[in-house]
S.K.: 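Here it is, the structure, as structure tokens.
None of these values were measured; they are calculated from a predicted model. In each ligand, atom 1 is the first atom listed, and ligand 1 is the first ligand listed.
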Amino acid sequence: MTTSNNAAADVHATVYGYPRQGPNRELKKAVEGYWKGRVAADALRETAAELRREVWRQLADAGIDEVPTGDFSYYDHVLDTSVMVGAVPARHRAAVAADALDGYFAMARGTQDVAPLEMTKWFDTNYHYLVPELGPDTVFTADPAKQVSELGEALALGHRARPVLVGPVTYLLLAKPAPGVADGFEPLTLLDRLLPVYAEVLAALRAAGAEWVQLDEPALVQDRTPAELNAAARTYRELGALTERPKLLVASYFDRLGEALPVLAKAPVEGLALDFTGAAAGNLADLAAVGGLPGKRLVAGVVNGRNIWINDHQKSLATLGTLLGLAGRVDVAASCSLLHVPLDAAAERDTDPQIRRWLAFARQKTAEITTLARGLAQGTGAIQAELAANRADLASRANSPLTHDPAVRARAAAVTEADTRRSPSYAERVPAQRARLGLPLLPTTTIGSFPQTGELRTARADLRAGVIDADGYEERIKDEIREVIAFQEKAGIDVLVHGEPERSDMVQYFAEQLTGYLATRHGWVQSYGTRYVRPPVLAGDISRPDPMTVRWTSYAQAQTAKPVKGMLTGPVTMLAWSFVRDDQPLGDTARQVALALRDEVNDLEAAGTSVIQVDEPALRETLPLRAAGHRAYLAWATESFRLTVSGVRPDTQIHTHMCYAEFGDIIRAIDDLDADVISLEAARSHMQVAGELATAGYPREVGPGVWDIHSPRIPSAEEAAALLRKGLAAIPAERLWVNPDCGLKTRGWPETRASLAHLVAAARTVREELPRP
Ligand code: GLN
Ligand code: ZN
């Protein structure tokens, strides 16, 4: 461990959490092995303990002198919190009583007989947590065993360690009413019952040797009601008043604390951890405005914990210098847990070494944090070499041809308002599209992908392994397209798709073909549980050297007289599911991506495609956490979508697709996309979204899903017809489409065949019921 020999400036370097998977995804393998019965519980526990030891050792070696504990998880840290406070749903209690570990996984994944907890996104990251289910009857009981034993492990190894817990306010704000509990139930009303349980956990950690405990309250960076802010004030007043407790560090991240900052600054806790990166940089001025944190510990999140670019040390040192005057003591950290970034950029041996130096994954970030802590404690003289290297790397990035393609920049700069508008208007386009497409009322279609079969995965693996060449692969994809087209024709679907067999992922497929994107070999990050993804890196100026999808769509169209929909991923989703460059506004990056996609849209049209779908499932999920940021975000998001599609003729029909139904707050923005048709998830909520769109006066064509594709269940024709009739009560037949909720790539062929047959039958039945014109 490094310790500062400058007694005057006692600065610690720390992090709030670290990737859990291990260098070769050992945790995933062990957990999945356990599920399959191939790995014994003890072996799984030993692998987990070994991974924790390894993380702490690495952190300590890098100079992180206070390591986090309790951030490790077999599946999810919010689920761990539910276990810690005894919030086990009734339907899982038997499994938990029979075996704690199996019960834990039953809550996470469900069993043959019981459904799992619901999963949703952790704030605006791509990590998903398991939603606590609470009700008026919930009884909390403290189970600090995991936290206590992991702290014990770290202390026994000689580390200075700080347990990290999800804070009680955030825990309740992330929860939802348990099934059967009235929707109006507010979990936050359980605060009085929950606080004594946290008090017990804190006492247990104190007894186990914790000097500090960190309570994460990221929910406080969102817009909060006065009642919620009061709950936060009360929480920390009460926890602060406990006698048997460690020192408390209340942490927030992902945005500025805003109105919650004065609340926490006044609370009787010993420290706050704040994010000073990106949108959260406003915390600096806010902190000065409340008079700082005299006598308290401030943990300054100056290194971005959720993106993969190297830090700007000069800028961080300036922030840290200001903060020194605002708190009793300042420590250096990443802005949030490093869970959201991959492990080690040094493993990216295929990446140009020059470009690799721009990347900072978890391991590089810990080094950045300790460098800054040293600079803060001992003066910049102590980190001369690091500062020089940092300046050189930043300059190399700023001056690289990858980040500055003059042609791309000139084209983006020349975009006018008119380029982002289709003309004529939607109302005038409708007759042109009707005449060209000649579709029946209630036209049937699908969302794009068909089942990704074992043969397709084999074909991709064979291509990678050199078993087949590019031509051989192309042949296999074409075979699949022919089958998918023949199936849809026979099934009687009106607007066909080619099935997306060439894509393993809707973002990666395009990223691989666009200049300016990088792929990683080992850049895995946890999406949920044992599922890891490797987001592409949007590193530079974006352009499209060649058409990306035209040959597949054209090949499919050549097999049928019915229209085949072209299928693209929209600019907002391309950004949302990538690591995005941080050296220019997101809107500028989105515009470049939109121009590249616009070329593809125009090429599809020129090749004879009459219907083109541009998917934007991420539009709602990247909405900024605070309402104050919504307008600006929606402006560039909708503009980039329109720029993508506005180069087409009036009689070319533009579709879009989103995978969710809760968008009351963005209906205006969805209208602003100026798409001709939108398909949405609606089956589970029984078409509720159709009514909402109608109420909002949404004027366009809509395909609310009638088949819930997230479940293996096959909807009957009668069930689908009933949903359609509900849809018709809100949306007139001239504007209603019939389709599943989402793409079919996760479904099998048998259920796809049966469900689509029922969907077409339902459309025919309901068409018959329409009044004759
Ligand atoms: N076109 C994509 C598909 O069908 C859409 C996927 C999505 O919305 N996430 O798979
Ligand atoms: Zn979808």
S.K.: Among side-chain atoms of Arg457 and Ser504, is any donor-acceptor pair under 3.5 angstrom?
M.R.: no
S.K.: Output the list of atoms in ligand 1 that are nearer than 4.0 Å to some heavy atom of Cys659, sorted by atom number.
M.R.: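 So the answer, numbered in order with elements, is 7 (C), 8 (O), 9 (N).
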S.K.: Any atoms of ligand 1 less than 4.0 Å from a non-hydrogen atom of Gly448? List them with their elements.
M.R.: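 Those atoms are 4 (O).
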S.K.: Is any side-chain heavy atom of Trp552 closer than 4.5 Å to one of Pro501?
M.R.: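 Side chain of Pro501 against side chain of Trp552, heavy atoms only: no contact under 4.5 Å found.
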S.K.: Determine which pairs satisfy salt bridge (charged side-chain N to carboxylate O under 4.0 Å, His left out) with at least one residue from residues 486-499, sequence neighbours left out, and list them in order.
M.R.: Asp494-Arg767
S.K.: How many N, O or S atoms of the protein are nearer than 2.8 Å to the Zn ion (ligand 2)?
M.R.: 3
S.K.: Is the shortest side-chain heavy-atom distance between Phe123 and Leu174 below 4.5 Å?
M.R.: yes
S.K.: If you count the atoms of ligand 1 from 1 in the order shown, which ones are under 4.0 Å from a heavy atom of Gly743?
M.R.: 3 (C), 4 (O), 10 (O)
S.K.: Are side-chain heavy atoms of Asp672 and Arg642 found at a separation under 4.5 Å?
M.R.: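 Heavy-atom side-chain distance check passes, below 4.5 Å.
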S.K.: May I ask you to check whether Thr652 and Arg436 show a side-chain donor-acceptor distance below 3.5 Å?
M.R.: yes
S.K.: Quick one: do the Gln557 and Thr609 side chains pair a donor with an acceptor below 3.5 Å?
M.R.: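 On atom types as modelled, these side chains do not qualify, holding no pair under 3.5 Å.
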S.K.: As an exercise, identify every atom of ligand 1 less than 4.0 angstrom from a heavy atom of Cys742.
M.R.: 7 (C), 8 (O)
S.K.: Counting each atom of ligand 1 from 1 as listed, which ones have a heavy atom of Lys745 under 4.0 Å away?
M.R.: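 Under 4.0 Å from Lys745, ligand 1 has these atoms: 10 (O).
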S.K.: How far is atom 6 (C) of ligand 1 from the closest protein heavy atom, and which atom is that?
M.R.: Met506 SD, 3.5 Å
S.K.: Any heavy-atom pair between the side chains of Tyr75 and Met107 that's under 4.5 Å?
M.R.: no
S.K.: Under a 4.0 Å heavy-atom limit, does Glu500 contact ligand 1 with its side chain, its backbone, both, or neither?
M.R.: side chain
S.K.: Give the atom numbers and elements of ligand 1 that come within less than 4.0 Å of a heavy atom of Ser449.
M.R.: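 What qualifies from ligand 1 is 3 (C), 4 (O), 10 (O).
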S.K.: Hydrogens and angles aside, do His498 and Thr553 bring a side-chain donor and acceptor to less than 3.5 Å of each other?
M.R.: no
S.K.: Quick one: which ligand 1 atoms are inside 4.0 Å of a heavy atom on Asp615?
M.R.: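 Reading through ligand 1 atom by atom, the close ones are 1 (N), 2 (C), 5 (C).
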S.K.: Would a 4.5 Å heavy-atom cut-off, applied to side chains only, mark Lys28 and Trp524 as touching?
M.R.: no
S.K.: Is the centre of the Tyr127 ring less than 6.0 Å from the centre of the His77 ring?
M.R.: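 They qualify: ring centres under 6.0 Å apart.
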S.K.: In ligand 1, which numbered atoms sit nearer than 4.0 Å to a non-hydrogen atom of His657?
M.R.: 8 (O)
